[in-house]
Amino acid sequence: MDAQLDKFRERFNVDSKTEDTIPDVRKLKKRIERLNERLGSKMLGELNGDACRSYAKKRGKKGGARRDLEDLRAAIGHHAVEGYHRGIVKVWLPEKGPPRDKWLTRNDVARLIWTCWRYREMQKRSRRSLDERKVPTSRRPLRHLARFILLGIYSGTRAEAIAAASPIAAIGRAYVDLERGRYYRLKQGRAKTNKRQPTVPIPLRLLAHLRRWHRINPEAKHFIEYNGKAVSSVKTAFKSAARLAGLGQGISPQTLRHTAATWLMQRGADPWQAAGYLGMSLEVLLNTYGHHHPDYLSDAVDKIAKRDLTVERRAHLLRAVSGAVVPTKGRHLIGY
């Protein structure tokens with residue numbers, strides 16, 4: 001698991017002393033603790049299907065158990081790559097849950113951005129006062145999220161790459177070329193992974209926002225900053241913003257990516273180009289969002305309701321001749 005921790009430290013640019021400030025690192029450590037508590041005493045040969053199913057049953061939540069066991073599988077794979085064992089050890093995983101298809105309408109997005117822009121921090125008048133009522137202050141702790149939302153909606157980029165978006169090309173940053181209108185989503189110096197982050201052209205509306213933000217503060221190193229510093233995670237703030245905007249449960253930064261994919265499909269974008277723009281496989285795009293496309297099953301719908309003129313014409317002819325008189329081999333006529 002140390003290798004996975006090292007990857008997280010590199011991704012978020014933290015060390016062993018400051019890593020606990022990152023929510024993803026804290027969650028990984030909790031998963032490691034759970035695995036060590038229940039499976040840490042077992043040898044590799046004992047990590048069979050029964051052991052994994054027992055772990056999943058005790059864990060309770062199927063999704064959480066799968067995530068824990070995925071970490072275990074990754075650790076065993078790393079162990080094998082380093083040459084510490086040669087046998088094949090397969091980790092049983094619970095079935096995946098249905099893909100999330102939570103997305104926002106344009107009105108939802110507008111309400112969310114407006115909430116982030118207008119919200120003011122609430123505090124008590126005085127710590128000594130017995131009055132528990134809170135009053136708004138001049139601080140606006142959610143304004144940085146308005147930029148985050150715009151960048152996420154118009155680019156469909158993952159949260160990590162949005163937080164790393166920068167007008168300055170440097171190691172550890174996702175460079176945004178404001179002159180050429182290109183977004184290099186993969187952090188410079190970072191190796192490619194299964195999480196695709198291709199370079200994409202920037203929509204003109206988003207590019208106008210990015211250029212304006214840079215003119216307002218040309219010294220800023222990142223487009224999304226809080227108190228003058230780059231943000232590492234916006235999950236907590238995003239949850240608060242969604243609650244204040246009245247958007248209900250299940251809204252997270254990943255919802256912006258789902259929304260971008262849904263909007264592209266709803267507007268009839270070519271699936272191959274949409275998949276390339278979003279940085280996902282065509283199969284995932286079609287399986288998860290394909291039903292939003294206006295052409296979804298359109299051929300089947302047209303054909304199931306279309307009148308078959310050939311069949312109808314034949315039926316009409318049969319009805320027309322059913323009462324006709326036709327000759328037989330003899331001279332007599334037989335009526336039908």
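- Within the 4.5 Å cutoff, no side-chain heavy atoms of Lys229 are placed close to those of Asn227.
- Under the 4.5 Å side-chain heavy-atom criterion for Ile, Leu, Val, Met, Phe, Trp and Tyr, Leu145 and Met122 are members of the same hydrophobic cluster.
- Here CZ of Arg190 is found 13.0 Å from NZ of Lys195. Values are rounded to the nearest 0.5 Å.
- By the rule that hydrophobic residues join a cluster once side-chain heavy atoms approach within less than 4.5 Å of another member, Leu186 and Leu151 end up as members of separate clusters.
- Using a distance-only test at 3.5 Å, with no hydrogens or angles considered, a donor-acceptor pair links the side chain of Ser240 to the main chain of Thr236.
- Of all heavy-atom pairs spanning Leu150 and Leu206, the tightest one is O-CD1, 4.0 Å.
- No side-chain donor from either of Thr199 and Arg182 sits under 3.5 Å from a side-chain acceptor of the other.
- A 4.5 Å side-chain heavy-atom check between Asp71 and Ile32 finds every atom pair outside the cut-off.
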Quick one: do Asp108 and Arg111 satisfy side-chain contact (heavy atoms from CB on, under 4.5 Å)? Show the steps, please.
CA-CA 5 Å; Asp108 291 337; Arg111 188 161 75 249; 3.4 Å; yes

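- Both Tyr119 and Val231 are part of a single hydrophobic cluster, where members link through side-chain heavy atoms under 4.5 Å apart.
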Pair Arg185-Val200, side-chain contact (heavy atoms from CB on, under 4.5 Å): steps then yes or no:
CA-CA 8 Å; Arg185 293 189 283 200; Val200 293; 3.2 Å; yes

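- Residues passing the ring pair (Phe, Tyr, Trp, His ring centres under 6.0 Å) test with Trp213 are His209, sequence neighbours excluded.
- In this structure, Tyr277 and Pro203 have side chains that are in contact, with non-hydrogen atoms separated by less than 4.5 Å.
- The backbone N or O of Leu104 lies less than 3.5 Å from a partner atom in the side chain of Thr259, making a donor-acceptor pair.
- Scanning for salt bridge (charged side-chain N to carboxylate O under 4.0 Å, His left out) contacts around Arg106 gives an empty result, with sequence neighbours left out.
- Residue-environment remark: CZ (Arg205) stays at or below the threshold of 12 foreign heavy atoms within 6.0 Å.
- Residue His144 comes nearest to Pro141 through the heavy atom pair CE1-O, 3.1 Å, listed as atom of the first residue, atom of the second, then distance.
- Applying the salt bridge (charged side-chain N to carboxylate O under 4.0 Å, His left out) test to Arg120 and every residue at least two apart in sequence or in another chain returns nothing.
- In this structure the side chain of Arg38 reaches within 4.5 angstrom of the side chain of Arg59, judged on heavy atoms.
- A 4.5 Å side-chain heavy-atom check between Ile251 and Lys102 finds at least one atom pair inside the cut-off.
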Donor-acceptor pairs are to be reported for all side-chain atoms of residues 75-91 against protein atoms at under 3.5 Å, with residues two or more places apart or in another chain.
| unit_1 | atom_1 | unit_2 | atom_2 | d |
| --- | --- | --- | --- | --- |
| His79 | ND1 | His85 | ND1 | 2.7 |
| His85 | NE2 | Gly87 | O | 3.4 |

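- Residues passing the ring pair (Phe, Tyr, Trp, His ring centres under 6.0 Å) test with Tyr296: none are found, sequence neighbours excluded.
- The CG atom of Leu247 sits 7.5 Å away from atom OG1 of Thr115, with the distance rounded to the nearest 0.5 Å.
- Here His292 pairs with Trp103 under the ring pair (Phe, Tyr, Trp, His ring centres under 6.0 Å) rule; sequence neighbours left out.
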Begin from the C-alpha positions of Glu160 and Lys187 and carry the test side-chain contact (heavy atoms from CB on, under 4.5 Å) through to its verdict.
CA-CA 9 Å; Glu160 181 188 352; Lys187 290 182 182 180; 3.4 Å; yes

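- Leu256 CG to Ile153 CD1: the interatomic distance, rounded to the nearest 0.5 Å, is 5.0 Å.
- Remark: the backbone N or O of Leu278 is paired with a side-chain donor or acceptor of Arg257 at under 3.5 angstrom.
- Scored by the ring pair (Phe, Tyr, Trp, His ring centres under 6.0 Å) test, Tyr175 finds Tyr184 as partners (sequence neighbours excluded).
- Here Glu33 does not pair with Lys29 in a salt bridge; the nearest charged N to carboxylate O distance is not below 4.0 Å.
- Here the straight-line distance linking atom CZ of Arg215 with atom CG of Leu210 works out to 11.0 Å at 0.5 Å rounding.
- Nearest approach of Pro271 to Leu286, heavy atoms of both residues: CB-CD2, 3.9 Å.
- No more than 12 heavy atoms of other residues, nucleotides or ligands lie within 6.0 Å of CG in Leu204, so this atom counts as exposed by the packing criterion.
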Indicate every side-chain donor-acceptor pair of residues 41-56 with a distance under 3.5 Å to a residue at least two apart or in another chain.
| unit_1 | atom_1 | unit_2 | atom_2 | d |
| --- | --- | --- | --- | --- |
| Glu46 | OE1 | Met43 | N | 2.7 |
| Asn48 | OD1 | Asp50 | N | 3.3 |
| Asn48 | OD1 | Ala51 | N | 3.0 |
| Asp50 | OD1 | Arg53 | NH2 | 3.0 |
| Tyr55 | OH | Asp68 | OD2 | 2.7 |

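- In terms of heavy atoms, Ala261 sits closest to Leu285 at CB-CD1, 4.4 Å.
- In this structure, OG1 in Thr262 is found 8.5 Å from NE2 in His258, a value given to the nearest 0.5 Å.
- Considering all non-hydrogen atoms of both residues, Gly279 and Pro198 come closest at CA-CD, 3.7 Å.
- Taking Val284 as the reference, Met280, Ser281, Thr288 meet the side-chain contact (heavy atoms from CB on, under 4.5 Å) condition, with sequence neighbours excluded.
- In terms of heavy-atom proximity, Gln188 sits nearest to Ala170 at CB-O, 3.4 Å.
- Using a 4.5 Å heavy-atom cutoff, the side chains of Ser155 and Tyr183 are in contact.
- A search for side chain to side chain donor-acceptor pair (under 3.5 Å) contacts involving His293 returns nothing, not counting sequence neighbours.
- The distance from the CD1 atom of Ile304 to the CG atom of Asp299 is 11.0 Å, given to the nearest 0.5 Å.
- Contact of the Arg173 side chain with the Lys221 side chain is registered, since non-hydrogen atoms from C-beta on lie closer than 4.5 Å.
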side-chain contact (heavy atoms from CB on, under 4.5 Å) assessment of Leu142 paired with Phe148
CA-CA 10 Å; Leu142 298 179; Phe148 186 97; over 6 Å; no

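- Looking at residues two or more places apart in sequence or on another chain, you find no salt bridge (charged side-chain N to carboxylate O under 4.0 Å, His left out) involving Asp295.
- Partners of Lys30 by side-chain contact (heavy atoms from CB on, under 4.5 Å), not counting sequence neighbours, listed by chain and number: Arg34.
- Here the side chain of Arg139 pairs no donor or acceptor atom with the backbone of Glu121 at under 3.5 angstrom.
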